[in-house]
2 protein chains.
Amino acid sequence: MIRHADKPVVMILAGHDPSGGAGLVADAEAVRGCGGWPVTVPTAMTVQSTREVASVEPCSGDFIRRAARVLFDDFRIAAIKVGLIPNLDVLEAVIDVARMSPGTPLIVDPVIRSGGGAELSTPGLLEPIRHRLFPLVDILTPNRHELARLTSLTEVDDVSRVVEVMSLGCAAVLVTGTDPLDDESTTGNVVHTLHTPELNRQWQWPRLPAHYHGSGCTLASALATRLAAGEGLATACAQAQRFTWDTLDNGLALGQGQYLPDRVWRAPDFDATLE
Amino acid sequence: MIRHADKPVVMILAGHDPSGGAGLVADAEAVRGCGGWPVTVPTAMTVQSTREVASVEPCSGDFIRRAARVLFDDFRIAAIKVGLIPNLDVLEAVIDVARMSPGTPLIVDPVIRSGGGAELSTPGLLEPIRHRLFPLVDILTPNRHELARLTSLTEVDDVSRVVEVMSLGCAAVLVTGTDPLDDESTTGNVVHTLHTPELNRQWQWPRLPAHYHGSGCTLASALATRLAAGEGLATACAQAQRFTWDTLDNGLALGQGQYLPDRVWRAPDFDATLE
């Protein structure tokens, strides 16, 4: 039985995380878990564990352009999801890739620091991201720390920051509220908020008891897949949050550090009599 | 609910294929589909589609060693699966990685040519693979073309070739028989054969009607996962073949070329009322 083109194809541009918690493999799993097919272009190699990022080794912009061009010629790409952008060479390639397929939804997860606190991009990259990438973005998915880093220092609350990001060209922003800013407590539910020119929506989720490696990647890739499947923006945001929360609630403690989201939790269906 | 260490962790050393049909992402999917958790170290980047391999760009041996060392320190690795080895620098790193964890089952899929016929490794690599890697291999999973390439020209049948490979140090060999050699027809069932010093086993599978991108990767990674889960060699070979056949029987025609194995066929379970 060959099944023809019944899965939306999502292009992933992301760093590779060997632990599988985050990055390109995690994105691919999230796309599969949400009913799509991932095609994946690495933006960087990393050496990392569930505890820390030891190094980030950027891929070349030239490689990224060539890999993406071949994929556009082969597949019908229904959404593009961007994760780690380690330097200006890669940023320029990502912009070129987005322009190869105008009209395809562009979902950008602005990965700036690892969960463990390591800086993942070269200094000076935030300004070209703001002024050259944001005008192409259909939805940005920052956490509150990333939102604060991506906006000017004069903005003092999340809503003002979102207004600034949208004034730079992002069509919509989904702000995840798992982690508090410095002066806040972590009690109560987690609140995620969607902002578009037409609507603002808010969702609340029970706070989970652990720290996870790759929750942001999972959410953005799930969102990209549901948009690729044709869902409306608010529904896709809701479904992606539900999916992500479930992957965290089923998180796995396989390494020494952060827990790993379980994005493909189908139990294997082996025939015990087969040998 | 945090689930502790209930999944065997498999280390994948493989080339990255952006199409997702083969390579590192395919291996990761197969590990998940068979009940394990993959940690993945790229051996090469490639530019490719479901039709052809446009380029192979090796990773550095130094990167591979560092990435693997961090993973061994973080996870309990229960099996190591090796795919594409593009050059001597990577081969030496793969040998060093295998020696970092003596006693861990080492499954080697000797990827030499792509399904489309492109050579994927540098010339001259077969001899050091035979003499330096084979002595470390617990099970080699060549197709019949690869088996012929990996043995001396004087061997004229598969059994003689297997004997030669085992005399070089491979503890076991699973030969996949999907593709005929030059002078043979493609009628009848597909026959895969397992050879060890103690036993020989043979399995027959109904021939499927298409060409697939990544069937060998899927089989070797499924086998690694079942060995990591503690299954005996013959049972693990049988379960891996069953899994692989199912992924091909559910193959997807999403690109212009070869079909894509569906290794994660859990239907997404979305709540249509959520928005």
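Just so it is clear: chains get the letters A, B, ... in the order the sequence lines come, proteins before strands, and each one is counted from 1.
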(Q) Below 4.5 Å, heavy-atom pairs only: which of A/C59, A/A54, A/P42, A/C237 has the largest tally toward chain B? (A) A/P42
Q. Can A/E29 and B/E29 be said to form a side-chain contact (heavy atoms from CB on, under 4.5 Å), step by step?
A. CA-CA 7 Å; A/E29 279 187 10; B/E29 279 187 10; 6.0 Å; no
**Q.** Side chain proximity check, B/K7 to A/D262, heavy atoms < 4.5 angstrom
**A.** yes
Q: For each of A/V41, A/V25, A/T50, tally heavy-atom pairs with chain B at distances under 4.5 Å, and name the one with the top tally.
A: A/T50
Q | For B/R32 against A/R263, the heavy-atom pair lying closest together | A | NH1-N, 4.2 Å
Q: Can you see which heavy atom on B/D74 is nearest to which on A/G257, and at what distance?
A: OD1-N, 4.0 Å
Q: Hey, could you give me the OG1/CG distance between B/T40 and A/L24, rounded to the nearest 0.5 Å?
A: 8.0 Å
**Q.** Distance (rounded to the nearest 0.5 Å) between B/W37 CH2 and A/L260 CG
**A.** 4.5 Å
Q. Using a cut-off of under 4.5 Å for heavy-atom pairs, which of A/G20, A/S55, A/A28 has the most such pairs with chain B?
A. A/G20
(Q) If I compare all heavy atoms of B/S19 with all of A/V39, which pair ends up nearest, and what's the gap? (A) O-CG1, 3.9 Å
Q: Taking all non-hydrogen atoms of both residues into account, name the closest pair between B/L71 and A/Q48 and its distance.
A: CD2-O, 4.0 Å
Q. So which of A/R76, A/H16, A/R69 has the largest heavy-atom pair count under 4.5 angstrom toward chain B?
A. A/H16
(Q) For a quick test of reading the model, state the closest non-hydrogen atom pair linking B/F63 to A/T46 and the distance between them. (A) CE1-O, 3.7 Å
Q: Please round to the nearest 0.5 Å and tell me the distance separating atom CD of A/E57 and atom CZ of B/R66.
A: 4.5 Å
Q: Identify the heavy atoms of A/R51 and B/D73 that sit nearest to each other, and give their distance.
A: NH2-O, 3.4 Å
